[in-house]
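In what follows, residues are counted from 1 in the order of the sequence shown. Note that the structure is a prediction, hence the values are computed from the model and not measured. All heavy atoms count here, side chains included; hydrogens, waters and symmetry mates do not.
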Amino acid sequence: MGEFGPTPLGMVAGAVGVGVGAWYRGHPDTFDTLAAPVLRSWRRRWAGAYVGRRWADLMGACDLTRTHPRTGRVLAPRVVRVRSWSPSIDTIRVRLVPGQSVRSVVDKAEELADTLRAERVAVERARPGEVVFIVQRDEPFTHMIPSPDMPDDVADVDPKALYLGEDEFGRDYREPLFGTHFLRAGATGAGKNSIPAQRLRQAAPLIRAGLVKPWIIDPKMLEWAWAKPILDGRYADNPSDAHELIEAFVANMERKQKRMQRAKLRKAPLSEDYPVDWLIFDEIGYMMAYRPDYAHSITEKAAIIASMGRTTHDVLEAFVQEPTKDTVPIRELLPHRVCLRVTDSGHPDMVLGDGMRKRGAVADEIPEGEDTAGIGFAKAPRRPQPRRIRVAYTDDAQLSELVSFVRSPGLRAVS
(Lines give C-alpha, C1' and ligand atoms only; values in the text may rest on other atoms or scores of the structure.)
Protein backbone atom coordinates (compact mmCIF):
# COMPACT_ATOMS: atom_id res chain seq x y z
CA MET A 1 0.00 0.00 0.00
CA GLY A 2 3.06 2.25 0.24
CA GLU A 3 2.81 3.12 -3.42
CA PHE A 4 -0.37 5.10 -2.63
CA GLY A 5 1.15 7.08 0.23
CA PRO A 6 1.77 10.80 0.51
CA THR A 7 4.92 10.85 -1.62
CA PRO A 8 3.44 9.27 -4.79
CA LEU A 9 0.27 11.30 -4.43
CA GLY A 10 2.32 14.47 -4.03
CA MET A 11 4.31 13.58 -7.13
CA VAL A 12 1.12 13.06 -9.11
CA ALA A 13 -0.34 16.35 -7.86
CA GLY A 14 2.89 18.12 -8.73
CA ALA A 15 2.94 16.62 -12.20
CA VAL A 16 -0.67 17.70 -12.74
CA GLY A 17 0.20 21.20 -11.56
CA VAL A 18 3.17 21.39 -13.91
CA GLY A 19 1.00 20.15 -16.78
CA VAL A 20 -1.70 22.70 -16.06
CA GLY A 21 0.90 25.47 -15.86
CA ALA A 22 2.46 24.39 -19.15
CA TRP A 23 -0.97 24.34 -20.79
CA TYR A 24 -1.69 27.85 -19.52
CA ARG A 25 1.62 29.21 -20.81
CA GLY A 26 1.64 27.33 -24.10
CA HIS A 27 -2.02 27.64 -25.16
CA PRO A 28 -3.72 30.32 -23.05
CA ASP A 29 -6.75 30.56 -25.36
CA THR A 30 -7.68 26.88 -25.06
CA PHE A 31 -6.82 26.94 -21.34
CA ASP A 32 -9.22 29.85 -20.76
CA THR A 33 -11.91 28.07 -22.77
CA LEU A 34 -11.58 24.51 -21.44
CA ALA A 35 -9.62 24.32 -18.19
CA ALA A 36 -10.13 27.65 -16.43
CA PRO A 37 -13.94 27.32 -16.06
CA VAL A 38 -13.53 23.85 -14.52
CA LEU A 39 -10.87 24.98 -12.06
CA ARG A 40 -12.78 28.11 -11.12
CA SER A 41 -15.99 26.14 -10.66
CA TRP A 42 -14.30 23.62 -8.37
CA ARG A 43 -12.62 26.32 -6.25
CA ARG A 44 -15.75 28.43 -5.88
CA ARG A 45 -17.93 25.39 -5.20
CA TRP A 46 -15.81 23.86 -2.46
CA ALA A 47 -13.70 26.74 -1.11
CA GLY A 48 -16.18 29.60 -1.28
CA ALA A 49 -19.59 30.59 -0.02
CA TYR A 50 -21.54 27.84 -1.81
CA VAL A 51 -20.83 24.94 0.54
CA GLY A 52 -21.97 23.58 3.89
CA ARG A 53 -22.65 25.81 6.85
CA ARG A 54 -21.55 28.97 5.01
CA TRP A 55 -24.24 28.44 2.38
CA ALA A 56 -26.89 27.55 4.97
CA ASP A 57 -26.05 30.67 6.98
CA LEU A 58 -26.26 32.79 3.81
CA MET A 59 -29.71 31.36 3.02
CA GLY A 60 -30.82 32.05 6.58
CA ALA A 61 -29.55 35.62 6.48
CA CYS A 62 -31.66 36.21 3.35
CA ASP A 63 -34.73 34.57 4.93
CA LEU A 64 -34.72 31.71 2.42
CA THR A 65 -34.83 28.83 4.92
CA ARG A 66 -37.92 27.00 6.17
CA THR A 67 -38.62 25.04 9.32
CA HIS A 68 -40.08 21.58 8.84
CA PRO A 69 -43.50 21.64 10.57
CA ARG A 70 -43.18 18.13 12.02
CA THR A 71 -39.49 17.70 12.87
CA GLY A 72 -38.57 21.33 13.50
CA ARG A 73 -35.51 20.89 11.32
CA VAL A 74 -34.29 24.01 9.46
CA LEU A 75 -34.26 23.38 5.71
CA ALA A 76 -32.20 25.45 3.26
CA PRO A 77 -32.09 25.43 -0.56
CA ARG A 78 -29.31 23.06 -1.67
CA VAL A 79 -26.56 23.80 -4.18
CA VAL A 80 -26.65 21.21 -6.96
CA ARG A 81 -23.98 22.56 -9.29
CA VAL A 82 -21.68 25.55 -9.71
CA ARG A 83 -20.32 26.75 -13.03
CA SER A 84 -17.93 29.71 -13.41
CA TRP A 85 -17.90 30.40 -17.10
CA SER A 86 -15.92 33.62 -16.69
CA PRO A 87 -13.92 35.26 -13.88
CA SER A 88 -16.87 37.61 -13.31
CA ILE A 89 -19.84 35.25 -13.46
CA ASP A 90 -20.96 32.20 -11.46
CA THR A 91 -24.07 30.21 -12.27
CA ILE A 92 -25.39 28.19 -9.32
CA ARG A 93 -28.10 25.57 -9.80
CA VAL A 94 -30.08 25.38 -6.56
CA ARG A 95 -32.77 22.94 -5.47
CA LEU A 96 -35.51 24.74 -3.54
CA VAL A 97 -37.02 23.66 -0.27
CA PRO A 98 -40.40 21.93 -0.73
CA GLY A 99 -43.14 24.53 -0.72
CA GLN A 100 -40.79 27.32 -1.77
CA SER A 101 -41.64 29.31 -4.92
CA VAL A 102 -39.36 30.82 -7.55
CA ARG A 103 -40.94 34.22 -6.90
CA SER A 104 -39.90 34.12 -3.24
CA VAL A 105 -36.28 33.71 -4.34
CA VAL A 106 -36.50 36.36 -7.07
CA ASP A 107 -37.76 38.83 -4.46
CA LYS A 108 -34.55 38.29 -2.48
CA ALA A 109 -32.13 38.97 -5.37
CA GLU A 110 -30.87 42.27 -3.94
CA GLU A 111 -30.33 40.77 -0.47
CA LEU A 112 -28.45 37.85 -2.04
CA ALA A 113 -26.20 40.22 -3.96
CA ASP A 114 -25.36 42.25 -0.85
CA THR A 115 -24.74 39.15 1.26
CA LEU A 116 -22.46 37.61 -1.39
CA ARG A 117 -20.77 40.99 -1.92
CA ALA A 118 -21.61 40.70 -5.60
CA GLU A 119 -22.50 43.36 -8.15
CA ARG A 120 -25.84 41.66 -8.80
CA VAL A 121 -27.68 38.35 -8.57
CA ALA A 122 -30.18 37.27 -11.22
CA VAL A 123 -32.57 34.36 -10.71
CA GLU A 124 -34.11 32.19 -13.41
CA ARG A 125 -36.27 29.09 -13.30
CA ALA A 126 -34.39 25.95 -14.34
CA ARG A 127 -36.89 23.11 -13.88
CA PRO A 128 -39.67 22.41 -11.41
CA GLY A 129 -38.21 22.84 -7.94
CA GLU A 130 -34.90 24.29 -9.15
CA VAL A 131 -33.57 27.75 -9.95
CA VAL A 132 -30.30 29.14 -11.25
CA PHE A 133 -28.57 32.05 -9.55
CA ILE A 134 -26.45 34.14 -11.92
CA VAL A 135 -23.95 35.86 -9.63
CA GLN A 136 -22.07 38.77 -11.17
CA ARG A 137 -19.04 39.16 -8.93
CA ASP A 138 -17.78 42.26 -10.70
CA GLU A 139 -18.18 44.16 -13.99
CA PRO A 140 -17.32 41.72 -16.81
CA PHE A 141 -16.88 44.48 -19.38
CA THR A 142 -13.79 46.41 -18.40
CA HIS A 143 -12.72 47.31 -21.93
CA MET A 144 -14.43 48.60 -25.02
CA ILE A 145 -15.20 45.91 -27.60
CA PRO A 146 -13.94 47.04 -31.03
CA SER A 147 -16.06 46.46 -34.10
CA PRO A 148 -14.66 43.48 -36.02
CA ASP A 149 -13.85 43.53 -39.71
CA MET A 150 -16.80 43.59 -42.07
CA PRO A 151 -17.55 40.40 -44.01
CA ASP A 152 -16.22 40.47 -47.58
CA ASP A 153 -18.92 38.57 -49.43
CA VAL A 154 -22.61 37.70 -49.21
CA ALA A 155 -21.64 34.11 -48.42
CA ASP A 156 -19.79 35.32 -45.31
CA VAL A 157 -22.96 36.80 -43.76
CA ASP A 158 -25.35 34.77 -41.64
CA PRO A 159 -28.49 36.96 -41.55
CA LYS A 160 -29.89 34.83 -38.75
CA ALA A 161 -27.01 35.68 -36.43
CA LEU A 162 -25.36 39.07 -36.93
CA TYR A 163 -22.54 39.76 -34.48
CA LEU A 164 -23.24 42.70 -32.15
CA GLY A 165 -20.79 42.22 -29.30
CA GLU A 166 -20.34 39.93 -26.30
CA ASP A 167 -22.45 38.68 -23.41
CA GLU A 168 -21.46 38.38 -19.77
CA PHE A 169 -20.14 34.84 -20.29
CA GLY A 170 -17.64 35.94 -22.93
CA ARG A 171 -19.70 34.50 -25.77
CA ASP A 172 -20.61 36.33 -28.97
CA TYR A 173 -23.90 38.17 -28.74
CA ARG A 174 -25.77 37.81 -32.03
CA GLU A 175 -29.19 38.78 -33.33
CA PRO A 176 -31.17 37.98 -36.48
CA LEU A 177 -31.31 40.60 -39.20
CA PHE A 178 -34.96 39.98 -40.04
CA GLY A 179 -37.92 37.84 -39.05
CA THR A 180 -38.62 39.96 -35.97
CA HIS A 181 -38.73 43.60 -34.85
CA PHE A 182 -36.52 45.41 -32.38
CA LEU A 183 -36.86 47.86 -29.49
CA ARG A 184 -33.72 49.61 -28.18
CA ALA A 185 -33.82 51.89 -25.16
CA GLY A 186 -31.15 53.94 -23.48
CA ALA A 187 -30.43 57.34 -22.05
CA THR A 188 -28.36 59.94 -23.85
CA GLY A 189 -24.80 58.67 -24.16
CA ALA A 190 -25.70 55.04 -23.43
CA GLY A 191 -24.48 53.88 -26.85
CA LYS A 192 -27.76 53.06 -28.63
CA ASN A 193 -26.48 53.98 -32.07
CA SER A 194 -23.68 51.43 -31.80
CA ILE A 195 -26.33 48.73 -32.26
CA PRO A 196 -27.54 49.60 -35.79
CA ALA A 197 -24.05 50.75 -36.81
CA GLN A 198 -22.67 47.33 -35.93
CA ARG A 199 -25.59 45.56 -37.64
CA LEU A 200 -25.08 47.64 -40.79
CA ARG A 201 -21.39 46.69 -40.90
CA GLN A 202 -22.16 43.01 -40.47
CA ALA A 203 -24.80 43.18 -43.24
CA ALA A 204 -22.65 45.33 -45.59
CA PRO A 205 -22.24 42.72 -48.39
CA LEU A 206 -26.03 42.18 -48.42
CA ILE A 207 -26.59 45.93 -48.67
CA ARG A 208 -24.14 46.22 -51.55
CA ALA A 209 -25.81 43.30 -53.33
CA GLY A 210 -29.26 44.88 -53.03
CA LEU A 211 -30.52 42.17 -50.68
CA VAL A 212 -30.88 44.61 -47.76
CA LYS A 213 -32.20 48.16 -48.06
CA PRO A 214 -31.85 50.39 -44.99
CA TRP A 215 -34.32 53.22 -44.42
CA ILE A 216 -33.52 55.78 -41.71
CA ILE A 217 -35.60 58.32 -39.79
CA ASP A 218 -33.21 60.68 -38.03
CA PRO A 219 -35.07 63.42 -36.06
CA LYS A 220 -31.82 64.73 -34.56
CA MET A 221 -30.53 65.41 -38.11
CA LEU A 222 -26.97 64.58 -37.01
CA GLU A 223 -26.71 60.96 -35.92
CA TRP A 224 -27.26 59.29 -39.32
CA ALA A 225 -26.39 61.92 -41.93
CA TRP A 226 -23.19 59.96 -42.67
CA ALA A 227 -25.31 57.10 -44.11
CA LYS A 228 -27.15 59.18 -46.73
CA PRO A 229 -24.81 58.12 -49.60
CA ILE A 230 -25.93 54.47 -49.24
CA LEU A 231 -29.64 55.10 -48.69
CA ASP A 232 -30.73 56.19 -52.18
CA GLY A 233 -33.10 58.79 -50.74
CA ARG A 234 -34.50 56.53 -47.99
CA TYR A 235 -33.69 59.11 -45.30
CA ALA A 236 -35.76 61.66 -43.38
CA ASP A 237 -34.66 64.16 -40.74
CA ASN A 238 -37.83 66.17 -40.02
CA PRO A 239 -41.42 65.24 -39.09
CA SER A 240 -42.93 65.92 -42.50
CA ASP A 241 -40.32 63.89 -44.38
CA ALA A 242 -40.48 61.17 -41.74
CA HIS A 243 -44.21 60.86 -42.31
CA GLU A 244 -43.70 60.58 -46.06
CA LEU A 245 -40.89 58.04 -45.63
CA ILE A 246 -42.87 55.70 -43.38
CA GLU A 247 -45.83 55.92 -45.77
CA ALA A 248 -43.51 54.95 -48.63
CA PHE A 249 -42.15 52.08 -46.53
CA VAL A 250 -45.64 50.70 -45.90
CA ALA A 251 -46.59 51.10 -49.58
CA ASN A 252 -43.46 49.20 -50.59
CA MET A 253 -44.33 46.44 -48.11
CA GLU A 254 -47.84 46.16 -49.52
CA ARG A 255 -46.46 45.85 -53.06
CA LYS A 256 -44.33 42.93 -51.89
CA GLN A 257 -47.40 41.35 -50.27
CA LYS A 258 -49.29 41.58 -53.56
CA ARG A 259 -46.39 40.04 -55.50
CA MET A 260 -46.28 37.19 -53.00
CA GLN A 261 -50.03 36.71 -53.33
CA ARG A 262 -49.78 36.49 -57.13
CA ALA A 263 -46.87 34.06 -56.84
CA LYS A 264 -48.76 32.01 -54.20
CA LEU A 265 -45.92 32.46 -51.70
CA ARG A 266 -46.55 32.32 -47.97
CA LYS A 267 -42.92 33.10 -47.19
CA ALA A 268 -40.69 35.27 -49.35
CA PRO A 269 -37.21 34.07 -50.29
CA LEU A 270 -34.46 36.56 -49.62
CA SER A 271 -33.66 37.96 -53.06
CA GLU A 272 -33.45 41.20 -55.01
CA ASP A 273 -37.20 40.86 -55.63
CA TYR A 274 -37.86 40.31 -51.93
CA PRO A 275 -35.08 42.17 -50.09
CA VAL A 276 -34.96 43.02 -46.42
CA ASP A 277 -36.39 46.52 -46.03
CA TRP A 278 -35.05 47.71 -42.71
CA LEU A 279 -36.44 50.86 -41.07
CA ILE A 280 -34.11 52.33 -38.45
CA PHE A 281 -36.35 54.75 -36.53
CA ASP A 282 -34.24 56.87 -34.19
CA GLU A 283 -35.96 58.70 -31.31
CA ILE A 284 -39.31 57.13 -32.14
CA GLY A 285 -40.82 58.62 -28.97
CA TYR A 286 -40.32 62.13 -30.36
CA MET A 287 -42.57 61.35 -33.33
CA MET A 288 -45.15 59.28 -31.42
CA ALA A 289 -45.53 61.39 -28.29
CA TYR A 290 -44.21 64.88 -28.87
CA ARG A 291 -45.50 65.69 -32.36
CA PRO A 292 -49.29 65.46 -32.13
CA ASP A 293 -49.68 66.62 -35.74
CA TYR A 294 -48.05 63.41 -36.99
CA ALA A 295 -48.22 61.07 -34.00
CA HIS A 296 -51.42 59.19 -34.85
CA SER A 297 -50.53 58.49 -38.46
CA ILE A 298 -46.92 57.50 -37.76
CA THR A 299 -47.99 55.25 -34.87
CA GLU A 300 -50.54 53.58 -37.14
CA LYS A 301 -47.98 52.99 -39.90
CA ALA A 302 -45.38 51.67 -37.47
CA ALA A 303 -47.96 49.26 -36.00
CA ILE A 304 -48.76 47.98 -39.52
CA ILE A 305 -45.07 47.30 -40.17
CA ALA A 306 -44.57 45.57 -36.82
CA SER A 307 -47.68 43.40 -37.13
CA MET A 308 -47.46 42.46 -40.84
CA GLY A 309 -43.85 42.85 -41.97
CA ARG A 310 -42.26 39.63 -40.78
CA THR A 311 -43.09 37.42 -43.77
CA THR A 312 -42.09 40.08 -46.31
CA HIS A 313 -38.73 40.82 -44.61
CA ASP A 314 -39.85 44.27 -43.51
CA VAL A 315 -38.13 45.14 -40.24
CA LEU A 316 -38.73 47.94 -37.74
CA GLU A 317 -35.88 48.80 -35.37
CA ALA A 318 -37.01 51.52 -32.95
CA PHE A 319 -34.84 53.60 -30.59
CA VAL A 320 -36.12 55.52 -27.60
CA GLN A 321 -34.90 57.26 -24.45
CA GLU A 322 -38.13 57.13 -22.46
CA PRO A 323 -39.74 53.70 -23.03
CA THR A 324 -43.14 54.32 -21.43
CA LYS A 325 -46.35 53.06 -23.01
CA ASP A 326 -47.41 56.63 -23.73
CA THR A 327 -44.15 57.28 -25.57
CA VAL A 328 -43.98 53.99 -27.49
CA PRO A 329 -47.55 52.62 -27.70
CA ILE A 330 -46.46 49.83 -30.09
CA ARG A 331 -43.69 48.41 -27.89
CA GLU A 332 -45.52 45.08 -27.41
CA LEU A 333 -45.16 44.52 -31.17
CA LEU A 334 -41.36 44.73 -30.92
CA PRO A 335 -40.26 41.47 -29.29
CA HIS A 336 -36.46 41.59 -29.65
CA ARG A 337 -35.21 44.07 -27.06
CA VAL A 338 -32.10 45.70 -25.66
CA CYS A 339 -32.06 48.06 -22.67
CA LEU A 340 -28.83 50.00 -22.22
CA ARG A 341 -28.25 52.44 -19.36
CA VAL A 342 -31.52 54.13 -18.38
CA THR A 343 -32.44 56.74 -15.79
CA ASP A 344 -35.44 55.16 -14.05
CA SER A 345 -35.75 51.87 -12.15
CA GLY A 346 -39.04 51.17 -13.93
CA HIS A 347 -37.54 51.35 -17.42
CA PRO A 348 -35.92 47.86 -17.52
CA ASP A 349 -39.32 46.21 -16.97
CA MET A 350 -40.93 48.54 -19.54
CA VAL A 351 -38.37 47.52 -22.15
CA LEU A 352 -37.54 43.89 -21.36
CA GLY A 353 -40.78 42.75 -19.70
CA ASP A 354 -42.33 42.54 -16.27
CA GLY A 355 -40.00 41.22 -13.58
CA MET A 356 -36.81 41.56 -15.63
CA ARG A 357 -35.21 43.97 -13.19
CA LYS A 358 -35.78 41.51 -10.36
CA ARG A 359 -34.07 38.91 -12.52
CA GLY A 360 -30.97 41.08 -12.60
CA ALA A 361 -31.51 43.53 -15.48
CA VAL A 362 -30.49 46.54 -13.40
CA ALA A 363 -29.91 48.85 -16.38
CA ASP A 364 -30.68 51.87 -14.21
CA GLU A 365 -27.64 51.07 -12.07
CA ILE A 366 -25.11 51.17 -14.91
CA PRO A 367 -22.81 54.13 -14.23
CA GLU A 368 -22.88 57.00 -16.69
CA GLY A 369 -19.73 57.54 -18.74
CA GLU A 370 -17.93 56.66 -21.93
CA ASP A 371 -16.32 53.63 -20.29
CA THR A 372 -19.77 52.02 -19.84
CA ALA A 373 -21.30 52.98 -23.21
CA GLY A 374 -22.82 49.97 -24.95
CA ILE A 375 -23.35 47.98 -21.74
CA GLY A 376 -26.91 46.83 -21.09
CA PHE A 377 -29.28 43.88 -21.10
CA ALA A 378 -30.82 41.94 -23.96
CA LYS A 379 -34.06 39.97 -23.99
CA ALA A 380 -34.95 37.68 -26.87
CA PRO A 381 -38.37 36.10 -27.45
CA ARG A 382 -38.82 32.72 -25.77
CA ARG A 383 -35.85 33.37 -23.48
CA PRO A 384 -36.93 34.07 -19.90
CA GLN A 385 -33.63 35.46 -18.65
CA PRO A 386 -32.10 38.81 -19.68
CA ARG A 387 -28.44 38.73 -20.61
CA ARG A 388 -25.89 41.40 -19.76
CA ILE A 389 -24.16 42.42 -22.98
CA ARG A 390 -21.78 44.98 -24.41
CA VAL A 391 -22.21 46.18 -27.97
CA ALA A 392 -19.10 46.59 -30.09
CA TYR A 393 -18.08 50.20 -30.71
CA THR A 394 -17.95 51.52 -34.28
CA ASP A 395 -15.82 54.63 -34.80
CA ASP A 396 -16.11 57.28 -37.53
CA ALA A 397 -13.42 55.68 -39.69
CA GLN A 398 -15.33 52.38 -39.68
CA LEU A 399 -18.54 54.17 -40.66
CA SER A 400 -16.69 55.74 -43.59
CA GLU A 401 -15.32 52.32 -44.49
CA LEU A 402 -18.87 50.95 -44.52
CA VAL A 403 -20.06 53.68 -46.90
CA SER A 404 -17.09 53.15 -49.22
CA PHE A 405 -17.57 49.39 -49.21
CA VAL A 406 -21.28 49.55 -50.05
CA ARG A 407 -20.75 52.11 -52.83
CA SER A 408 -17.84 50.19 -54.34
CA PRO A 409 -18.83 47.46 -56.82
CA GLY A 410 -15.43 45.84 -56.46
CA LEU A 411 -13.07 45.22 -53.58
CA ARG A 412 -13.46 46.88 -50.20
CA ALA A 413 -12.06 50.35 -49.93
CA VAL A 414 -9.30 50.72 -47.37
CA SER A 415 -9.87 53.62 -44.98
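- Atom NZ of K160 has 12 or fewer neighbouring heavy atoms from other residues, nucleotides or ligands inside a 6.0 Å radius.
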For this session: Test side-chain contact (heavy atoms from CB on, under 4.5 Å) on Y235 and I230 and set out the steps.
Result: CA-CA 10 Å; Y235 174 87; I230 64 174; over 6 Å; no
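- When only modelled atom types and interatomic distance are considered, Q321 and E283 share a side-chain donor-acceptor pair under 3.5 Å.
- The CG atom of D344 lies 10.0 Å from the OG1 atom of T324; values are rounded to the nearest 0.5 Å.
- The aromatic rings of F133 and W55 sit tilted relative to each other, their planes meeting at an angle between 30° and 60°.
- Summarising the geometry of H336 relative to P176, their closest heavy-atom pair is CE1-CD, 3.7 Å, with the distance given to 0.1 Å.
- Under a 4.0 Å N-O distance rule, the pair E110/R357 qualifies as a salt bridge.
- Cation-pi geometry between R234 and W278 is not met at under 6.0 angstrom from the ring centre and within 45 degrees of the axis.
- Proximity of R266 to T311: side-chain heavy atoms (C-beta onward) are nowhere separated by under 4.5 Å.
- With sequence neighbours excluded, no residue forms a salt bridge (Lys or Arg N to Asp or Glu O under 4.0 Å) with D158.
- For R310, the CZ atom is loosely surrounded, since the number of other residues' heavy atoms within 6.0 Å does not exceed 12.
- R45 places a side-chain heavy atom less than 4.5 Å from the side chain of V51.
- P239 approaches R291 most closely through the heavy-atom pair CG-NH1, 3.1 Å.
- Nearest heavy atoms, P386 versus E168: O-OE2, 4.4 Å.
- More than 12 heavy atoms of other residues, nucleotides or ligands lie within 6.0 Å of CZ in R259, so this atom counts as buried by the packing criterion.
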For this session: Apply side-chain contact (heavy atoms from CB on, under 4.5 Å) to I366 and L340, showing your working.
Result: CA-CA 8 Å; I366 298 172; L340 302 182; over 6 Å; no
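- Under the 4.5 Å side-chain criterion, counting only non-hydrogen atoms from C-beta, E317 is not in contact with F281.
- In this structure, V403 and V406 have side chains that are not in contact, with every pair of non-hydrogen atoms separated by 4.5 Å or more.
- No hydrogens or angles considered: nothing links the side chains of T312 and Q257 as a donor-acceptor pair under 3.5 Å.
- One finds no salt bridge joining R390 and E166 here, because no Lys/Arg side-chain nitrogen approaches an Asp/Glu carboxylate oxygen to under 4.0 Å.
- The environment of D232 atom CG is sparse: at most 12 non-hydrogen atoms of other residues, nucleotides or ligands sit within 6.0 angstrom.
- Other residues, nucleotides and ligands place more than 12 heavy atoms under 6.0 Å from the CD atom of E332.
- Applying the 6.0 Å contact sphere to CH2 of W42 captures no more than 12 heavy atoms from other residues, nucleotides or ligands.
- Remark: side-chain polar atoms of T115 are paired, donor with acceptor, to backbone N or O of E111 under 3.5 angstrom.
- In this structure, F249 and W215 have perpendicular ring planes: the angle between them is above 60°, well past the 30° mark.
- A salt bridge links R53 with D57: at least one charged nitrogen is closer than 4.0 Å to a carboxylate oxygen.
- The CD atom of E244 sits 8.0 Å away from the OH atom of Y294 when rounded to the nearest 0.5 Å.
- Ion pairing of E130 with R125 is absent here, as no side-chain N (NZ or NE/NH1/NH2) approaches a carboxylate O to less than 4.0 Å.
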For this session: Check the pair Y50 / L58 against side-chain contact (heavy atoms from CB on, under 4.5 Å), numbers first and verdict last.
Result: CA-CA 9 Å; Y50 309 141; L58 187 151; over 6 Å; no
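- Annotation: salt bridge (Lys or Arg N to Asp or Glu O under 4.0 Å) contacts of D156 (sequence neighbours excluded): none.
- Side-chain contact between L164 and I389: absent, with no pair of heavy atoms (C-beta onward) separated by less than 4.5 Å.
- Other residues, nucleotides and ligands contribute only 12 or fewer heavy atoms inside 6.0 Å of the NZ atom of K267.
- In this structure, the side chains of V362 and P348 stay at 4.5 Å or more apart for every pair of heavy atoms.
- A distance of 10.5 Å separates CE in M150 from CG in L200, rounded to the nearest 0.5 Å.
- F182 carries R199 over the face of its six-membered ring, with the cationic atom under 6.0 Å from the centre and within 45° of the normal.
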For this session: Dump the intermediate steps for side-chain contact (heavy atoms from CB on, under 4.5 Å) on I92 and V132, then the final yes or no.
Result: CA-CA 5 Å; I92 313 165; V132 173; over 6 Å; no
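- At a threshold of 4.0 Å, the pair D277-K213 does not count as salt-bridged, since none of the basic side-chain nitrogens sits closer than that to a carboxylate oxygen.
- The pair E401-R201 meets the salt-bridge criterion, with a side-chain N (NZ, NE, NH1 or NH2) lying under 4.0 Å from an Asp/Glu carboxylate O.
- Contact check on R137 versus D90 returns a salt bridge, with a Lys/Arg side-chain nitrogen under 4.0 Å from an Asp/Glu carboxylate oxygen.
- Shown here is R407, whose CZ atom has no more than 12 heavy atoms of other residues, nucleotides or ligands within 6.0 Å.
- In this structure the side chain of P219 never reaches within 4.5 angstrom of the side chain of D237, judged on heavy atoms.
- A heavy-atom distance below 4.5 Å is not found between the side chains of P205 and D153.
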Exercise. Could you walk me through whether Y173 and E175 pass the side chain to side chain donor-acceptor pair (under 3.5 Å) check?
Worked result: CA-CA 7 Å; Y173 175 65; E175 287 184 346; 2.6 Å; yes
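- Looking at R388 and E139, a side-chain N of the basic residue comes within less than 4.0 Å of a carboxylate O on the acidic one, giving a salt bridge.
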